[in-house]
Amino acid sequence: MSQITLTFPDGNTREVPQGITPAQVASDISTSLGKKAISATVNGAHFDLQWPIEKDASVAIHTMQDDEQALELIRHDLAHIMARAVQEIWPEVKVTIGPVRDYGWFYDFDREEPFTPEDLGRIEARMKEIINARDAVRTEVWSRDQAIAHYEKTGEPYKVELVNRIPEGEPIRMYWHGDWQDLCRGPHLQHTGQVPADAFKLTHIAGAYWLGDSSRPMLQRIYGIAFKNRNDLKAHLNMLEEAAKRDHRKLGREMGLFHMQEEAPGQVFWHPNGWTIYTTLQDYVRRKQRAGGYNEINTPQVVDRKLWEASGHWEKYQHHMFIVEVDESRDGEHDDAAAKSREHTRINALKPMNCPCHVQVFNQGLKSYRDLPLRLAEFGSCARFEPSGALHGIMRVRGFTQDDAHIFCTEEQIQEECARFIDFLADIYRELGFPEFEIRFATRPEKRVGTEESWDYVEGALENAIKATGHDYVLEPGDGAFYGPKLDFYLTDAIGRVWQCGTFQVDPNLPERLDAGYIAADGERHRPFMLHRAVLGSFERFIGILIENHAGKLPLWLAPRQVVVAAIVSDADDYCREVVAKLQAAGIRAETDLRNEKINYKVREHSVGKVPYILACGMKEVEERTVSVRKLGEKQTSGATLDEIVDRLRTEATPPDQR
RNA sequence: GCCGCAGUAGCUCAGUGGUAGAGCGCACCCUUGGUAAGGGUGAGGUCGGGAGUUCAAUCCUCCCCUGCGGCACCA
């Protein structure tokens, strides 16, 4: 047998027989490492201790101290242990796939009966038994025929399909946990007892399509989370609780921001407090857009299908549109439905996007190259018939308003406009409290229109623009629209979640379809490019993100109720009114709380309601003409004179662009 | 849209084959209290909608609507 050379992280090398396993390597280094080893990294790949090493390689042995590998193995082993537990309890269940994901794993099963939450406890208990049995994990590489024959015999049709899908040349690995067997690419731990028995939890059950394909059967997916020890699990469960407290649906109710009801699914009824946030944010964006060279417009919401046919939406997007039929023969009268005649019925659609309407504005009057770039912005109210299962609070809705704009420009202007936009967006994200964002650059897809030269040019322009602004980007090859490449902007919130908000898309297609043109310097009519772009995306969704990002404690300038002036004794009522009048005169959203309640009660209620400042006034304040200031989230109060507090709040309540 | 779960007072939830309860909130009264819930009294519900089974349905069955968790979707 020939020798191979292994190189270790410290630079040492070792000559070993070809086909040696990482387990043997670890034991050769030291008995203790042999015992502690859980897996290895061999030439960059995560390796099972049982797999043979066939050629010269760099090798690092992992122990439970290596979080990344340890967690992957623990979670992956638990996926299999769970599948085994399920099949031991319900032998008729068919197994499919069970990958590691997020903070745990999931495994998809095919079973007639639905799993119930009570079943989860039963499965967990069986899993603990399997862990305590410390069953050895064993692996073999099988031939495709052997594997298929095996799974046909054991009645596992999904596994047969999986085996068939493994590319030629890749090993087909079989794993055993005790007597239970599964197809798996590995790696795994060496026995089930290496998995901590008290640091995992099955969290929920949900439906999931086989292979993610909505035309394939719906399977039952069981999710679990797992960590290295009980404390990490507890910490994660606490974090989930914290995240639940930030839920914008809950805070929206508690803060009196908005409600939704079943007569208008996916649409928001904004209450005074919520609408204050909305308009404050909109005013801010409007100022930014004006400063950024945009012209604000407004276009119709109910538009004849002819325009949607011309734009291509009727063909490609109709299922997502609200269609409105109007019998024009009615002429305002109450007519019998039977009187409706087809020739008098006009079919309209609520606009799902603003772009076709913006082209109509562009098309009015003859445009010169001197007019370009022309930046048309609209707070465009759109309606999309989103699938019922997609709706989620105010984050995913059927009626929403975009901070939309379309830039009409020449091909040569794309790069400059793109760079301008990235700076524009970065500025707004920073001012709104999201300094970190990521750019994803989606390039030409397989199915596309336009010449290769044109794609080359436009993609180059976007790439140069990103570089000019000094940002990094992630390339997403093939993810662009059929008509052009795009940039998507993902911001990171306070608890590390990422949200796609901004977008920038190059579109030569719609101007073509809707026959937009301008007269160039050569006196000829040319086609402009159209750049679709948004910063916030939709106000509804962005406000949802803001609420969750701040856990409801919005910065003062966005807070709907900025100050409550609370009387401690009713003899201070008049003074409280005077304080509120002064604050309001300074442009601050202030109100009194003169109710017959103790100050404790008022402080609690307004704290729960996320009011940024409570100014308490008793007879001491009346006599000294001061206020007692309590800032949200702080136990400590401080005194201030009337002038001081007005000044301080006015400064803090100034929107970031006006400071 | 698909799978599963849920819908009872404004909110959070308990409950029963014989038309319903709690806490908070709300109204009124007492209380004027110094920084996260003072006390009392009271009002408030066709138990999501429709059909069926039954002497009788909020409860059982079916259909629908909406919500929640995922999946799919997000030209």
Side-chain angles (χ1 to χ4, degrees), chain A residues 101 106 108-111 113-117 119 203-223 244 247 249-250 253-254 256 259-266 311-321 352-353 355 384-393 395-398 400 445 447 480-483 486 488 500 503 505 507 509-510 532 537-538 541 564 566-573 594-609 614-621 628-639:
Chain A
R101 213 189 79 155
F106 63 77
D108 289 348
F109 300 98
D110 186 9
R111 178 184 180 225
E113 291 284 298
F115 289 112
T116 66
D119 289 339
T203 54
H204 54 280
I205 310 158
Y209 295 110
W210 168 231
L211 299 175
D213 182 343
S214 58
S215 67
R216 307 296 304 267
M218 175 70 65
L219 306 170
Q220 295 189 65
R221 175 171 296 179
I222 301 178
Y223 287 89
D247 192 311
R249 294 165 299 192
K250 180 175 177 284
R253 192 167 46 238
E254 289 172 0
H259 86 273
M260 305 178 87
Q261 63 186 52
E262 62 178 85
E263 287 81 357
S311 70
H313 288 93
W314 193 259
E315 185 198 347
K316 290 200 172 128
Y317 207 72
Q318 197 187 139
H319 292 300
H320 294 272
M321 297 207 282
M353 297 166 197
C355 18
R384 293 183 188 172
F385 191 76
E386 298 286 357
S388 57
L391 303 179
H392 178 85
M395 300 275 212
R396 186 80 185 269
V397 287
R398 288 181 175 160
F400 56 94
K447 280 192 178 176
F482 69 90
Y483 47 74
K486 65 171 177 175
D488 283 326
Q500 193 248 311
T503 189
Q505 301 183 23
D507 183 4
N509 182 60
L510 200 61
H532 308 255
S538 94
R541 182 158 176 276
V564 168
I568 296 170
V569 293
S570 52
D571 283 346
D573 286 2
L594 309 179
R595 291 175 304 169
N596 176 17
E597 296 291 352
K598 290 194 172 184
I599 192 65
N600 287 311
Y601 183 91
K602 296 181 182 181
V603 165
R604 178 183 151 77
E605 186 174 281
H606 299 308
S607 299
V608 169
I614 299 168
L615 306 184
C617 299
M619 290 322 288
K620 176 169 169 284
E621 285 73 20
S628 166
V629 182
R630 184 181 168 116
K631 195 170 180 179
L632 180 60
E634 292 178 9
K635 287 239 175 344
Q636 201 71 33
T637 61
S638 63

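Proteins get letters first, then strands, A, B, ... in listed order; numbering begins at 1 in each. Predicted model only: the values in this text are computed from it and were never measured.
The interatomic distance linking Asp110(A) (CG) with rC3(B) (P) rounds to 14 Å, in whole Å. We find that NZ of Lys250(A) is positioned 15 Å from P of rC11(B), with the value rounded to whole Å. We find that CD1 of Ile222(A) is positioned 14 Å from P of rC5(B), with the value rounded to whole Å. Whole-Å rounding puts the Glu254(A) CD to rC24(B) P distance at 17 Å.
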**Message:** If a pair means Watson-Crick or G-U wobble with both distances below 3.5 Å, what does RNA chain B look like in dot-bracket form, with | marking bases paired to a different strand?
**Reply:** (((((((..((((....[..)))).(((((.......))))).....(((((..]....))))))))))))....

**Message:** How would you summarise protein contacts on nucleotides 65-75 of chain B per nucleotide, using B for base, S for sugar-phosphate only and - for none, with heavy-atom distances below 4.0 Å?
**Reply:** SSSSBBBBBBB

**Asked** With the sugar-phosphate defined as primed atoms, P, OP1 and OP2, and the base as all remaining atoms, what B/S/- string results for nucleotides 36-43 of chain B, 5' to 3', for protein heavy atoms under 4.0 Å?
**Response** BBS-----

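A gap of 15 Å separates the P atoms of rG39(B) and rU32(B), to the nearest Å. For the P atoms, the distance linking rC68(B) with rU58(B) amounts to 27 Å, nearest Å. rG7(B) sits 14 Å from rC59(B) when the C1' atoms are compared, rounded to a whole Å. Here, rC63(B) and rA20(B) have their P atoms 29 Å apart, quoted to the whole Å. rA72(B) and rA14(B) are spaced 37 Å apart, taking the C1' atom of each and rounding to whole Å. On the P atoms, rG4(B) is 12 Å away from rC62(B), given to the nearest whole Å. With both ends at atom P, the span from rG17(B) to rG1(B) equals 34 Å, rounded to whole Å. Separation of the C1' atoms belonging to rA57(B) and rG49(B) is 15 Å when rounded to the nearest angstrom.
Annotation: side-chain contact (heavy atoms from CB on, under 4.5 Å) contacts of Arg216(A) (sequence neighbours excluded): Glu161(A), Trp210(A), Leu211(A), Asp213(A). By the side-chain contact (heavy atoms from CB on, under 4.5 Å) test, Gln261(A) is found to be paired with His259(A), Glu263(A), Phe269(A), residues two or more places apart in sequence or in another chain being considered. Qualifying salt bridge (charged side-chain N to carboxylate O under 4.0 Å, His left out) partners for Arg398(A), counting only residues two or more places apart in sequence or in other chains: none. Qualifying salt bridge (charged side-chain N to carboxylate O under 4.0 Å, His left out) partners for Glu597(A), counting only residues two or more places apart in sequence or in other chains: none. In this view, Ser570(A) and Asp573(A) satisfy the side-chain contact (heavy atoms from CB on, under 4.5 Å) rule, not counting sequence neighbours. Listed by chain and residue number, Glu386(A) satisfy the side-chain hydrogen bond (donor to acceptor under 3.5 Å, both in side chains) test with Arg396(A) (two or more places apart in sequence, or in another chain). Shown here are the ring-ring contact (aromatic ring centres under 6.0 Å, His included) partners of Tyr209(A), two or more places apart in sequence or in another chain: there are none. Remark: Asp247(A) engages Arg249(A) in a salt bridge (charged side-chain N to carboxylate O under 4.0 Å, His left out) (not counting sequence neighbours). Lys316(A) pairs by the salt bridge (charged side-chain N to carboxylate O under 4.0 Å, His left out) definition with nothing, not counting sequence neighbours.
The distance from atom NZ of Lys602(A) to atom CD of Glu605(A), rounded to the nearest 0.5 Å, is 10.0 Å.
Using modelled atom types, no side-chain atom of Glu621(A) and backbone atom of Ala567(A) make a donor-acceptor pair closer than 3.5 Å.
By the 30° and 60° cut-offs, the orientation of the rings of Phe115(A) relative to Phe109(A) is perpendicular.
Nucleic acid contact class of Lys620(A) (heavy atoms, under 4.0 Å, all strands): base. Residue contacts shown for Glu634(A) are absent, as no nucleic acid heavy atom lies under 4.0 Å away. Contact annotation for Met619(A): base contact, defined as any heavy-atom pair under 4.0 Å involving a base atom.
Side chain Ser570(A) to base rU32(B): a donor-acceptor pair is found below 3.5 Å.
Residue order along RNA chain B, read from the 5' end via each residue's closest nucleotide, puts Arg595(A) first among Lys602(A) and Arg595(A).
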